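Residues: numbered from 1 along the sequence shown. In this text, all values refer to a predicted model and were calculated from it rather than measured experimentally.
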Amino acid sequence: MTAEALAILRAAGAERIEHPGGTLLAHLQRVSALLASWGARSALVSAGLCHAFYGTDGFPVALLDLGRRAELVEAIGAEAEALVHFYASCDRKPSYRALADDQGLFVDRFTGAGIRPSLAARRDFAELTAANELDIAAISPEARARHGADLLDLFTRWRPLLSEPAWAHCLSVLHQADH
């Protein structure tokens, strides 16, 4: 599945899109590797590799139109693609605030609809977000200096959703922001 996902990423130009630490493809590969190092299941590791396919609230470049979701399902499986879509759909401002709250609303930026995701969905989302943001913070001293304190605050609020390895990595990377 990874070979198919990489082929789609390359065909979509991920190797040519600039991103902190080099290219978008390099970032996606690092996020996937980070999730794997934390012991994430294979669907979440695959989602990490493909998390930017539909663009995000913070990175508007979409590699694949939402109408072509079946292609990503074919490459990485239905569970991993659903994680990618859920991640991409997040309207961050209203959703981040209440993610750790069972009754918190997750707002879909594609539809505007608010939902209350399951604990498992919120954990996957938090873990993927942490891997994404921590990769950037680790690779870019400027990003870490500019956003490190806010990320540490966010991930501290999300602590109940994060795995032990993700939380330890968070502390390791973001405490560098204090120095």
According to side-chain hydrogen bond (donor to acceptor under 3.5 Å, both in side chains), who are the partners of Glu81, at least two apart in sequence or on a separate chain?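 Scan of Glu81 (side-chain hydrogen bond (donor to acceptor under 3.5 Å, both in side chains), adjacent residues dropped) gives Tyr54, Arg69.
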Under the side-chain hydrogen bond (donor to acceptor under 3.5 Å, both in side chains) rule, collect the residues that match up with Ser140, sequence neighbours excluded.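 Residues passing side-chain hydrogen bond (donor to acceptor under 3.5 Å, both in side chains) with Ser140: none at all.
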Which atom of [X] lies closest to which atom of [Y], heavy atoms considered:
X	Y	result
Arg68	Leu64	CZ-CD1, 3.5 Å
Gly55	Ala88	O-CB, 3.2 Å
Val31	Leu128	CG1-CD1, 4.1 Å
Gly104	Pro117	O-CD, 4.4 Å
Cys50	Ile76	SG-CG2, 3.9 Å
Ala80	Ala43	CB-O, 3.4 Å

Hydrophobic cluster membership, with links at side-chain heavy-atom distances under 4.5 Å among I/L/V/M/F/W/Y: are [X] and [Y] in one?
X	Y	answer
Leu134	Trp167	yes
Leu25	Phe59	yes
Leu105	Leu99	no
Ile136	Leu34	no
Val45	Leu161	yes

Residue list, salt bridge (charged side-chain N to carboxylate O under 4.0 Å, His left out) with [X], at least two apart or on another chain:
X	answer
Arg123	none
Glu142	none
Arg97	none
Arg116	none

Report, one line per pair, each donor and acceptor closer than 3.5 Å where one atom sits in a side chain of residues 146-155; sequence neighbours left out.
unit_1 : atom_1 : unit_2 : atom_2 : d
Asp153 : OD2    : Arg157 : NH1    : 2.6

Trace of the salt bridge (charged side-chain N to carboxylate O under 4.0 Å, His left out) decision for Asp57 with Lys93: CA-CA 9 Å; Asp57 191 0; Lys93 189 171 182 179; over 6 Å; no
Which residue pairs pass the salt bridge (charged side-chain N to carboxylate O under 4.0 Å, His left out) test with at least one member in residues 11-24, sequence neighbours excluded?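 Output for this query lists Arg10-Glu15.
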Qualifying salt bridge (charged side-chain N to carboxylate O under 4.0 Å, His left out) pairs, either residue in residues 42-52, two or more places apart: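 Residue pairs with at least one partner in residues 42-52: there are none.
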Distance from [X] atom [atom1] to [Y] atom [atom2], nearest 0.5 Å?
X	Y	atom1	atom2	value
Leu9	Glu4	CG	CD	12.0 Å
Asp124	Leu44	CG	CG	5.0 Å
Trp38	Leu162	CH2	CG	7.5 Å
Leu28	Leu49	CG	CG	6.0 Å
Leu24	Leu63	CG	CG	5.5 Å

Ser95 side chain to Asp91 main-chain N or O, any donor-acceptor pair under 3.5 Å?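 Yes; judged by distance alone, with no hydrogens or angles, the pair exists.
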Looking at Ala137, is its backbone amide N or carbonyl O close enough to the side chain of Arg144 to form a donor-acceptor pair, meaning the two atoms are under 3.5 Å apart?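 Indeed, once roles are kept as given, a pair shorter than 3.5 Å links the two residues.
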Take Asp108 and Ile115 through the test side-chain contact (heavy atoms from CB on, under 4.5 Å) and record every step on the way to the result. CA-CA 8 Å; Asp108 185 316; Ile115 63 166; over 6 Å; no
Does the pair Arg41 and Glu127 meet the rule for a salt bridge (charged side-chain N to carboxylate O under 4.0 Å, His left out), with working shown? CA-CA 11 Å; Arg41 68 188 189 290; Glu127 201 85 350; over 6 Å; no
Where at least one partner belongs to residues 128-137, residue pairs that pass side chain to side chain donor-acceptor pair (under 3.5 Å), sequence neighbours excluded: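 Passing the test, one end in residues 128-137: His27-Asn132, His27-Asp135, Arg30-Asp135, His51-Asn132, Tyr87-Asn132.
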Got a sec, which residues hit side chain to side chain contact (heavy atoms under 4.5 Å, CB included) with Ala82, two or more places apart in sequence or on another chain?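 Counting only residues at least two positions away or on another chain, Ala82 forms no side chain to side chain contact (heavy atoms under 4.5 Å, CB included).
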Decide yes or no on side-chain contact (heavy atoms from CB on, under 4.5 Å) for Val107 and Arg92, but give the supporting numbers first. CA-CA 8 Å; Val107 178; Arg92 291 179 179 184; over 6 Å; no
What do the steps show when you test Thr23 against Ile17 for side-chain contact (heavy atoms from CB on, under 4.5 Å), and what is the final call? CA-CA 5 Å; Thr23 67; Ile17 298 171; over 6 Å; no
Using the ring-ring contact (aromatic ring centres under 6.0 Å, His included) rule, collect all pairs that involve residues 101-123, keeping only residues at least two apart or in two chains.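 Checked against ring-ring contact (aromatic ring centres under 6.0 Å, His included) - neighbours excluded - the pairs reaching residues 101-123 are His85-Phe110, Phe86-Phe106, Phe106-Phe125.
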